[in-house]
Every structure is written in C-alpha cells, then in structure tokens.
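To keep things clear, I will list the structure first and then write my remarks on it.
By convention in this document, chain letters (A, B, ...) are assigned in the order of the sequence lines, proteins followed by strands, and residues within each chain are numbered from 1. Heavy-atom basis, side chains included; hydrogens, waters and symmetry copies ignored.
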Protein chains: 2
Amino acid sequence: MAEPRLDAFQVIADASRRQILMLLSKNNLTVNNLAGNFDMSRPAVSKHIKILQTTGFISITDKGRERYCSLKKEGFDALNEWLSYFDQFWGSKLKNLENLMNDKLKIKN
Amino acid sequence: MAEPRLDAFQVIADASRRQILMLLSKNNLTVNNLAGNFDMSRPAVSKHIKILQTTGFISITDKGRERYCSLKKEGFDALNEWLSYFDQFWGSKLKNLENLMNDKLKIKN
DNA sequence: TATTTGAGTAACTTAAAGGTTACACATTAT
DNA sequence: ATAATGTGTAACCTTTAAGTTACTCAAATA
C-alpha cells in the first residue's frame, strides 16, 4: 500500500475502514481480532489500521506483542466540522437527529 | 470517467466535489460557472456534477441550454447519520441525544 | 532453547477514479 | 442561415489506493 497520506474524507471513503471503526465502537480489539472480521489478508487490515491511526481516528496501545485499537475523537473532528457547515442549509443538526430518531424509533406521542 | 457509481462517502472524498458543494452553498451556479472556478477542464467538472446529482447532493434545473445546480439535502443524510452514530462516543452530542430521547420517549426508569 | 504467535514491511499487481482531448448536439445570438 | 455558446459523451491515459504473497522480527509458550 505504500502508506498513502489520506485526508479524513478519504479515510472514511473506504468501507473496510468504516467497518473497523464500527467494530471498535463496540469493543477495543487487537489487529488480529479485527482481521478476523474480514475476508482480506491480515497485512491489508494492518495497513488500514495504520492509516486510521496516522489520521487520528484510532489510537493504539501496545500490550506485549499485541496491539489494542480504540476509537479516537480527533479524526472525526474535520468531518463534523464540514457537515456542520452544510447543516446550515437543512436546519440544525439537532433537528436532523430528531428526524432521524423519529424515523428510526418510530416514536408515537 | 465512465460514471462510477459511488456512495456518499466516496463522493465527498474528492476535494473538487467538496469545493463544488461549497460554491453552491453560496450561489446556485451553472455548469460553466462552476467550471470557471477550477483548473481542470469543463468535461471533468461536468462529470463531477453528474456524480453529485446522481448521489443526491445537488439537483439540476435546466434553463434553456444552461443547467443550474443547487444543493440538495438527501445526499448528506447518510453522512449525518454515520457521524451521529460515532458522536455517541464523544459525548458532545450524546447529551443532546439523551435529552431528545428523554423528551420524545418520556423514558421512565 | 526451539517453536509458535502477533504484527509490520517490502515488492508487486490490479482495478478504478479522475483527468484529458475530440466530438456531437441543442439553444441562443448575429 | 450561420456562428457562437453551454453542455454531455466517448475514447483514452495516468495515477494511485488497495489488495496480494513472502519475509522479518519480537514476544509468548512449550
């Protein structure tokens, strides 16, 4: 992969990386733990992890020969900021969340 | 370009497309208007516009031989939803979500 | 100590996004 | 009618992200 230098938008453009983030939102996992969830080779996952780390989406804690991955806020900041800008067009973000929840949870009052 | 079928995340991964959206947030512009803001050729811009249209980020209104582009909410929805999910980890919006849910659902514990 | 296990790196290949130029085709203007 | 303008499409080229296999190395285990 040669360690491409990607920005936050490119980082989340990859479905595998989004899946990694999703998995880490439920448990902190090692590289091998994560790799077990994918069809691709471990080195491929390893590289995705490196990208996620260098772009601030995850942090890694070494524990012996294992490396535990966990979500990190920093990487999401640029994305939140960008979306917030456009939210001006569609009303407040809170409003969106509200609509989203009304849809998802089918709230009846 | 052969009209790749991109998802919302891939759509905004391209800096030129983000720039187009940014320009449209200030004015509704024609294809040529937009192209004037870029170094790349007009056909290249034209293809970006098509991608933005087919993925619901913009809508286009024909006016004679001109095509006016304007922002469209739909395309942003998937992104907002995805980010909202991860916002739960950083608490900033979790508070809002909680309040919202307590309000809407009148959760009793 | 020898072996297995977790993980990173190097070298290579492939698929596809993103650009270009050339062209076609309406619509508008002269 | 002819020319100019706004735009889309086709064919092509280039770059690069993303995958692979093979290898190395350090830490844990037998």
Quick one: are A/F57 and A/I51 in side-chain contact, heavy atoms under 4.5 Å? no

At under 4.0 Å between heavy atoms, which parts of nucleotides 21-30 of chain C does protein reach? Answer with one letter per nucleotide, 5' to 3': B base, S sugar-phosphate only, - none. BB----BB--

With the threshold set at under 4.0 Å for non-hydrogen atoms, list the residues of residues 25-32 of chain B touching DNA chain D in residue-number order. B/T30, B/V31, B/N32

Relative to each other, are the rings of A/F76 and B/W90 parallel, tilted or perpendicular (30° and 60° limits)? tilted

Once side-chain hydrogen bond (donor to acceptor under 3.5 Å, both in side chains) is applied, do any residues pair with B/T61, and if so which ones, sequence neighbours excluded? none

Rounded to whole Å, the CG-P distance (A/L52 to C/dG8) equals 12 Å

Measure the distance from NZ on A/K50 to C1' on C/dG6 and round it to the nearest whole Å. 16 Å

Hits for side-chain hydrogen bond (donor to acceptor under 3.5 Å, both in side chains) against B/D62, two or more places apart or cross-chain, chain-then-number order -> B/R67

Side-chain N or O of B/H48 versus OP1/OP2 of C/dA17: is the shortest distance under 4.0 Å? no

What is the distance, rounded to the nearest whole Å, between atom CG of A/D7 and atom C1' of D/dT16? 14 Å

Qualifying salt bridge (Lys or Arg N to Asp or Glu O under 4.0 Å) pairs with a residue from residues 28-43 of chain B, counting only residues at least two apart or across chains: none

B/F38 CZ to D/dT7 C1', in whole Å, measures 17 Å

Partner residues of B/T30 under the side-chain hydrogen bond (donor to acceptor under 3.5 Å, both in side chains) criterion, sequence neighbours left out: B/N33

Round to a whole Å and report the spacing from CE of A/M40 to C1' of C/dA7. 15 Å

Go through D/dG8, C/dA7, C/dG19 for me and flag the one nearest to the B/S46 side chain. D/dG8

Under a 4.5 Å cut-off applied to non-hydrogen side-chain atoms, are A/F9 and A/L79 in contact? yes

Taking atom C1' of D/dA26 as reference, at what distance in whole Å does atom CD of A/E66 sit? 13 Å

Using atom CD of A/Q10 as one end and atom P of D/dA18 as the other, report the distance to the nearest whole Å. 8 Å

Rounded to whole Å, CD1 of B/I51 lies from P of C/dA16 at a distance of 14 Å

Pairing of B/D14 and B/R18 as salt bridge, 4.0 angstrom limit: no

Validation row: A/N32, A/V45 side chains within 4.5 angstrom (heavy atoms): no

